[in-house]
Amino acid sequence: MDEYKSKLQSEAMDFLCEAILSLKSKEECYRFFDDICTINEIKALEQRLQVAKMLRDKKTYLEIAAATGASTATISRVNRCLNYGSDGYTIVLERIDSKE
């Protein structure tokens, strides 16, 4: 990590990042996340990314809560990350948008 130093940075986190970066297909992602996470953990990650996408698309908290089932606390936390976080959501969402 050159210019960005995360509070999460450790050898174990580096190993996890390398593991994720080694995946080459959606099927491999499904298999890996099925093994490493519980269904609830996967659903929470999935939900947060959907919330981030909807916030970027200027949806209201009520629209997002209705569509995703996310609590207003979760929506607020994701919104804080989008506005004041490490730009992780932005990087991913922009790359997904550029593929479409």
Residues that E46 engages under salt bridge (Lys or Arg N to Asp or Glu O under 4.0 Å), provided they are two or more places apart: K43

Could you check L93, V78, V92, I96 and say which one makes a side chain to side chain contact (heavy atoms under 4.5 Å, CB included) with K53? L93

Taking the hydrophobic residues Ile, Leu, Val, Met, Phe, Trp and Tyr, and joining any pair whose side-chain heavy atoms are under 4.5 Å apart, which ones share a cluster with L8? M13, L16, I20, L23, F32, F33, I36, I42

Let me confirm one number: the CG-CG distance from L55 to L82, rounded to the nearest 0.5 Å. 6.0 Å

Which value, rounded to the nearest 0.5 Å, describes the distance between L45 atom CG and C37 atom SG? 6.0 Å

Rounded to the nearest 0.5 Å, how far apart are CZ of R48 and CZ of R77? 5.5 Å

Donor-acceptor check, side chain of E94 to backbone of I91, threshold 3.5 angstrom: yes or no? no

Under 4.0 Å between a Lys/Arg side-chain N and an Asp/Glu carboxylate O for R31 and D35? no

When rounded to the nearest 0.5 angstrom, what distance separates CD in Q47 from OG in S71? 7.0 Å

Can D97 and R56 be counted as an ion pair, charged N to O under 4.0 angstrom? yes

Name the one of T60, I75, T68, L49 that satisfies side chain to side chain contact (heavy atoms under 4.5 Å, CB included) with M54? T68

